[in-house]
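For reference, the structure is listed below as structure tokens.
Both backbone and side-chain heavy atoms feed into the values below; hydrogens, waters and symmetry mates do not. Numbered from 1 within each chain, the chains take letters A, B, ... in sequence-line order.
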Amino acid sequence: MSFLDIRHYKYLTSSIDRNLDFSAFMDFEHHYQVSENKHEYSIERSYFSYKESLVENTVDSSIQSIMDMESKLIPIFAQMERTGVYVDEKKLRDIGEDIARESKNKELEIYDLVGERFNINSAKQVQVILFEKLGIPVSKKIKTGYTVDNEALSLIGQKYEIANIILQYRTLEKLRSTYIDGLLRVINPHTKRIHTTYNQLGASTGRLSSESPNLQNIPSGSGYPARIKSCFCPESSEFSFLVADYSQVELRILASLSGDTSLIETFVRGEDIHTRTARFLFGEDATITSELRRIAKSVNFGVIYGITGFGLSKVINTSPAEATKYIDTFYAMYPGVRAYYQSILDGANKNGYVETFYGRRRYIPGVRDSNKMIRAGAEREAINMPIQGTAADIIKLAMLRISNFLKEGTYKSRMLLQVHDELVFEVHESEKDMMEKQIRSIMEGVFPGPLKLLVDIHTGANWSEAKG
DNA sequence: ACTGGATCCA
DNA sequence: GATGGATCCA
């Protein structure tokens, strides 16, 4: 059985809006009104999406292999959605009660400090309380007044404790509303599992996205986030969770695609890439503190995002001039990266699109725009896409091969989730060691070239424990 | 305005 | 119901 979502071809060969649902797409692209009757709609959708009825022979040959891969992935994502992931509902509820209790205390503490009750969830009301009632000096202006975002409140918090408590309250409320109440609401009463929906081309780079609920942004870290993640677990004690994630995948891809010898050497030697960059930035003999490493890490990631001095300065909380110095040093130390980026921009200008290692395209008309800001934004998108997109291709290819492997045997283990550079499985105890070996071998074997991709694998009784 | 997303709230 | 602000993720 072969499937095709006819939107995919358009998305991959033009700059058409990817946010169109099927009916909007049919209207826009084919001037066809789909039926409002659910039954007829499903028949129409099946009909138009069925491979044999469609573009099979007209697909641009350069995009053929990506189209082929996406087609083969359709039933795999469908199966993962159908399988779902088990969640310990009682445990999640209990954690929710702990959070609610702590949140309530923070709330009362805030009212006490301010001397009145107000809606802390309303940014507008927080503005009034902080900047008008308490007369705290304002920071950055936004459309609706002055921002009370994380950055602003952290700064204010150095002098006024109230800001810190509001931040703590917000963190707790985010966890409670989105990850306790939000998840409890979508546990399927029949399966007791959560069934997300994967948007196969949810991102313009080729990444998946996940919605209803989004299982790609479950909080990580210690404390409540770890407790929440621990609620995702196997339904039976005969199974464990297995988490396999690509190590530093985007920086390794940047090294491979750019061919930068310094970057490649660092990975080949097994050095810590952030510490390596830190020594470039702060001197070979400098003591690399966790703070310096953190800055270097931001620079490394920033480079993948099409870094600007202004943007980096915001992230590492320094002056744009200082940030620009770091960026210049980075390019001086990894000269192949700058040359590679120039070649991407040249290609984008010439073709109107950029592409991944596997030939996935993204059309970026903005690189030819006369507006400098729009052009700069488009150039950042152009630079990021081949890296993020190649990473997306790699894990999609790995999923295809893993799915085929799982299908060949009569295994009890199942692939459950994908979180961009990470795959989550529930594995049967009897298959655990073998699965670990096979999954690693498949994932590491997808991407060719001298610089090997590495995969970290951890197992445990739940998603938190298996995170390693 | 350093990439790409989704969700909650007012 | 739509939108902007804030915050969670890779």
Tabulate protein N/O versus nucleotide N/O from nucleotides 8-10 of chain B, keeping only pairs under 3.5 Å, one per line.
residue, atom, partner, partner atom, Å
dC8(B), OP1, R185(A), NH2, 3.2
dA10(B), OP1, N119(A), ND2, 2.8
dA10(B), O3', S122(A), OG, 3.4

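- Comparing dT7(C), dG5(C), dC2(B) by their nearest atom to the side chain of T144(A) picks out dG5(C).
- The residue G306(A) sits apart from the nucleic acid: no heavy atom pair falls under 4.0 Å.
- Annotation: of the two residues near DNA chain B, K140(A) and N214(A), the 5′-most nearest-nucleotide partner is K140(A).
- Nucleic acid contact for V148(A): sugar-phosphate only, since backbone atoms but no base atoms lie under 4.0 Å from a heavy atom of the residue.
- The distance between atom CG of N317(A) and atom C1' of dC2(B), rounded to the nearest whole Å, is 15 Å.
- Look at the C1' atom in both dA1(B) and dG5(C): the space between them is 15 Å, to the nearest Å.
- OP1 or OP2 of dG5(B) has not a single side-chain nitrogen or oxygen of R207(A) nearer than 4.0 Å.
- Note on ring orientation: taking the six-membered ring where Trp is involved, the planes of F77(A) and Y198(A) are tilted (angle from 30° to 60°).
- For the pair F301(A) CZ and dG4(B) P, the computed distance is 16 Å after rounding to whole Å.
- Computed from coordinates, the I120(A) CD1 to dA6(C) C1' distance equals 15 Å when rounded to whole Å.
- Residue-level contact check: I218(A) touches the backbone only, with heavy atoms under 4.0 Å from sugar-phosphate atoms and none from bases.
- Y305(A) has its side chain out of reach of I383(A): every pair of non-hydrogen atoms, C-beta onward, lies at least 4.5 Å apart.
- Remark: the E381(A) side chain and the dT3(B) base include no donor-acceptor N/O pair separated by less than 3.5 Å.
- Scanning all heavy atoms of the two residues, the minimum distance from K396(A) to L208(A) falls at CE-CD2, 4.1 Å.
- Cation-pi geometry between R45(A) and F22(A) is met: the NZ or CZ atom falls under 6.0 Å from the ring centre, inside 45° of the normal.
- The nearest whole Å value for the distance from the CD atom in Q127(A) to the C1' atom in dG4(C) is 12 Å.
- Base contact: I307(A) has a heavy atom under 4.0 Å from a base atom.
- A salt bridge links R360(A) to D393(A): at least one charged side-chain nitrogen sits closer than 4.0 Å to a carboxylate oxygen.
- Phosphate contact (OP1/OP2 of dG5(B), side-chain N/O of S204(A), threshold under 4.0 Å): present.
- Remark: ring of Y305(A) does not overlap the six-membered base ring of dC2(B) in a stacked fashion, as centroids less than 5.5 Å apart with planes less than 30° apart are not both met.
- Minimum atom distance to the side chain of H420(A) is reached by dG4(B), of the listed dG4(B), dG4(C), dT3(B).
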CA sep, side-chain torsions, deciding dist, call: K297(A), E291(A), salt bridge (charged side-chain N to carboxylate O under 4.0 Å, His left out) = CA-CA 10 Å; K297(A) 187 175 178 179; E291(A) 172 63 9; over 6 Å; no
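- For the pair K314(A) NZ and dA1(B) P, the interatomic distance rounds to 10 Å; values are reported in whole Å.
- As a whole-Å value, the separation of Y146(A) OH from dG4(C) C1' is 18 Å.
- Across all strands shown, V419(A) has heavy atoms under 4.0 Å from sugar-phosphate atoms exclusively, and none from any base.
- Because its NZ or CZ atom is not both nearer than 6.0 Å to the ring centre of Y9(A) and within 45° of the ring axis, R7(A) does not count as a cation-pi partner of that residue.
- Rounded to whole angstrom, the span from the CG atom of N384(A) across to the C1' atom of dC2(B) amounts to 9 Å.
- A straight line from CD of E151(A) to C1' of dT7(C) spans 14 Å, rounded to a whole angstrom.
- Comparing dA10(C) with dC2(B), their C1' atoms sit 15 Å apart, to the nearest whole Å.
- Checked against a 6.0 Å centroid threshold, the rings of H274(A) and F301(A) count as neighbours.
- dA2(C) and dT7(B): their P atoms are spaced 16 Å apart (whole Å).
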